[in-house]
2 protein chains.
Amino acid sequence: MTDTGAEKRPPTIDDVVRVAKAEPELPAEDGAVREGTAPPRIVEIARLAGVSPITVSRALRQPEKVAEAKRRKILEIVERTGYATNPHARALRSGQSNIVAAFVSNIQSQQFCLAVQGCGEVLEPQGYQLMIGQTSYSYAKETTMIQSLREMRPAAVMFTGVIEIEENRRALRALGIPIMETWAYPRDPIDMLVGFSNIDGGRLAAEHFAGRGYRRVAFIGRRSGRGALRLSGFREGAHEAGLDIVAELSVDGVSSMVDGRRALGDLLSRDASVQAVFCANDLLATGALLEARRRGMRLPDDIAILGFGHQDIADELPPGLTTVGIDSRDLGRRAGQLILQRMRSETPDSLTQVVDLTLAQRGSS
Amino acid sequence: MTDTGAEKRPPTIDDVVRVAKAEPELPAEDGAVREGTAPPRIVEIARLAGVSPITVSRALRQPEKVAEAKRRKILEIVERTGYATNPHARALRSGQSNIVAAFVSNIQSQQFCLAVQGCGEVLEPQGYQLMIGQTSYSYAKETTMIQSLREMRPAAVMFTGVIEIEENRRALRALGIPIMETWAYPRDPIDMLVGFSNIDGGRLAAEHFAGRGYRRVAFIGRRSGRGALRLSGFREGAHEAGLDIVAELSVDGVSSMVDGRRALGDLLSRDASVQAVFCANDLLATGALLEARRRGMRLPDDIAILGFGHQDIADELPPGLTTVGIDSRDLGRRAGQLILQRMRSETPDSLTQVVDLTLAQRGSS
DNA sequence: TTGTAGGCGTTATCAA
DNA sequence: TTGATAACGCCTACAA
């Protein structure tokens, strides 16, 4: 990649500290941005190789169409000069950008970040760049971002979620690019889907509670989106198993551990006889778990808590949080693979994949 | 924004569940991407408004240079048709893209995400898009990403960190665009800096321990980058206060709670007399705290733990983790503001800002 | 205040 | 297998 074999030893503590000893000095104020030398253009490469620009273009994009010797020479020069295609010119002429937009509901969520990472692992080696945006669980923000996609003209779009508002669904379809939805299992995805049934997740929670012998159960979570689906499944499962849902506590907006704490407090003050609580995400569950322990309750004897998401911390907090969830990174990788096929105009076997829900049994239930 | 006043009521649980009842059905396989109608071009807007394309361009970019009546008419048509400038054409012609690249060491880190969010809050309303990349604390990955910037040609670049490798620093300077470094306080930032002294942070930790009367102290953290600086300051502070550093445990690679657990175990088996531990980040500190509690130790009496980062969870885990840190979102906002000024070729008062380190005293020390 | 001419760098198309 | 030509959509420079 580089033109010299220059050493590139990572700095060790001694280097770092030697440089940084002077930390508190203010840096010189002349640090104006220096104009870089203009990067080489395709014509320059063509000139050096003694071919026409289009041949250089082909050598990079369809190497099999260029004679062996020329191709080698061209690639060597590209390497040496550090030539890189101007993506704007390329996108303008070919109508193909190498940007894939990924929208997460909340960038602070480990689950969503893992999925995006997984997707990036697949796409980036193929020359695509992920651009990450955050919808903050806000339908208004979602609408704004989708509108801004018209300007961005990405090669594909992925969401850690499904789009519920019909107007936004139409807008996305109109982009004419691959659209990936995830994290749920709607009957009519816009285009592609790697998802799972949140309803089944809720049902699994209820079945787990029933299997462990709890009868008086409760729900804490959002009343819209995926929270609503998990609640719905939980209701069904509870009904079938003869469980008694003593309370459904609504937490709206982006939830935090504090919400989980507060919700558990509310719940206990309403009905102290509750035996088991299903929290629609791990952040709420973690808060509830901490609150229960703060009150000196023993888990799972005094109260059982079940989360959703397989978040790292769930395993670390004593006595360990039982959670329902999926392998988010794997979901992201699969999504990336489908998107890739679609961008290459290959035909995936199926535009829809389902990932498995699993229950990780720990000490809290 | 939209051409109709169509209702856009967010779905409630009933809508959601009604749609999703059919979840387990496989979606129809015909979901091919439909070609969208081509978006309008500037010539189309110009035709509708009875002006030339350049006037439309000006009405959007330099409205004051277009006569009131024409401007209003043009903007009305733009609104109605949903016209959006093709960013590639614009970038190609003007040499200015609206993408700002932001690199975080680890996308899972709450601190870095907050900073990026803060930065986005400032830049996005001005029409810039943040593109997020992850360096994974790897110098090799950092080098690769910096090279890929040549192709991406963003309007500016921001890092949640400073660039230590001279070759990368040169490559960044050569881009000729605003570069923002953060999270440290080098004497010679590449261009702009919103930082703080990690050495001071380490010193603050030592001083805090001294003030609380602990004498036998230890360090857990990375030996490179910021970890090294925090250790360096911690050593200095400990030396000045007459503390005894009984151990310095190295955790390399991306750290996790499990590393913190293990490191505390190692530490205690080496020297059980240690009174206080400074962990170079909150993830390690959280792991150490949990491990201490798992072993039945009382905090801070049996052992005091101090973290770095002001991460949310630090406040939630009993007895509360004392941490040194900064306001990350604020750092991000300031960085965004400087970047914005620089992109507009305004002259900021200073290319360098320092944010304050604070110590949040909780129960763990 | 508005418009004309031309080019940013690349690749599609067609021809050789 | 290679090249000539033109065009992608917009904006800078200059002219009116």
Side-chain angles (χ1 to χ4, degrees), chain A residues 36-75 77-78 81-99 127 150-155 176-177 345, chain B residues 36-75 77-78 81-99 127 150-153 155 176 345:
Chain A
T37 35
R41 301 304 178 211
I42 202 169
V43 283
E44 174 67 3
I45 308 302
R47 199 182 54 74
L48 290 172
V51 298
S52 75
I54 188 65
T55 304
V56 176
S57 176
R58 274 197 279 254
L60 290 168
R61 245 145 286 298
Q62 312 169 70
E64 72 284 0
K65 294 201 167 182
V66 175
E68 166 78 16
K70 279 192 178 163
R71 186 179 63 217
R72 274 234 299 278
K73 180 162 190 192
I74 291 170
L75 294 180
I77 294 171
V78 163
T81 56
Y83 168 75
T85 305
N86 180 321
H88 301 298
R90 163 134 67 120
L92 181 59
R93 177 63 248 214
S94 71
Q96 303 210 350
S97 134
N98 69 333
I99 289 175
R150 297 195 70 186
E151 312 183 33
M152 220 180 311
R153 292 157 211 247
I177 57 178
S345 304
Chain B
T37 36
R41 301 304 179 210
I42 201 169
V43 285
E44 174 68 3
I45 307 302
R47 200 182 53 74
L48 290 172
V51 297
S52 74
I54 189 62
T55 305
V56 176
S57 176
R58 276 198 277 256
L60 290 168
R61 246 150 280 302
Q62 312 171 70
E64 72 283 359
K65 292 201 169 184
V66 175
E68 167 77 18
K70 278 191 178 163
R71 187 179 64 218
R72 274 233 300 276
K73 179 161 190 191
I74 291 170
L75 294 181
I77 293 171
V78 164
T81 54
Y83 167 75
T85 305
N86 180 320
H88 302 297
R90 165 138 64 123
L92 184 58
R93 177 62 247 216
S94 69
Q96 303 213 350
S97 131
N98 69 334
I99 289 176
R150 297 193 72 185
E151 312 183 33
M152 219 182 309
R153 290 158 213 245
S345 305

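Owing to the predicted nature of the structure, the values given are computational and were not obtained by experimental measurement. To find a chain, count down the sequence lines: A is the first, B the second, and so on, and within it residues start at 1.
Note: CG (N98(B)) to P (dC10(D)) measures 14 Å, nearest angstrom. Atom NZ in K73(A) sits roughly 17 Å away from atom C1' in dT1(D) (whole-Å rounding). Spacing between atom CD of E64(A) and atom C1' of dT1(D) amounts to 12 Å, rounded to whole angstrom units. Computed from coordinates, the E68(A) CD to dT2(D) C1' distance equals 16 Å when rounded to whole Å. In this structure, CD1 of I74(A) is placed 13 Å from P of dT1(D), rounded to the nearest angstrom.
A distance of 11.5 Å separates OG in S57(B) from NZ in K65(B), rounded to the nearest 0.5 Å. The distance from the CD1 atom of I74(A) to the CG atom of L48(A) is 11.0 Å, given to the nearest 0.5 Å. N86(A) contributes atom CG, which lies 6.0 Å from atom CG of L92(B) (distance to the nearest 0.5 angstrom).
The phosphate of dC11(D) (OP1 or OP2) has a side-chain N or O of R90(B) nearer than 4.0 angstrom. An OP1 or OP2 oxygen of dT2(D) is reached within less than 4.0 angstrom by a side-chain nitrogen or oxygen of K70(A).
Chain B approaches DNA chain C over the interval dT1(C) to dG9(C), counting the first and last nucleotide 5' to 3' with an atom under 4.0 Å from its heavy atoms.
Remark: side-chain polar atoms of R71(B) are paired, donor with acceptor, to backbone N or O of P63(B) under 3.5 angstrom.
Atom CZ of R61(A) has more than 12 neighbouring heavy atoms from other residues, nucleotides or ligands inside a 6.0 Å radius.
For the segment residues 40-61 of chain B, residues with any heavy atom less than 4.0 angstrom from an atom of DNA chain D are, sorted by number, R41(B), I42(B), I54(B), S57(B), R61(B).
Considering every non-hydrogen atom in both A155(A) and S97(A), the closest pair reads CB-O, 3.2 Å.
Both S94(B) and A67(B) sit near DNA chain C, but only A67(B) has its closest nucleotide nearer the 5' end.
Between I54(A) and I42(A) there is no side-chain heavy-atom pair separated by less than 4.5 Å. By the 4.5 Å heavy-atom criterion applied to side chains, K70(B) and K73(B) are not counted as neighbours. Taking 4.5 Å as the limit, every side-chain heavy atom of V66(B) sits out of range of all side-chain heavy atoms of V51(B).
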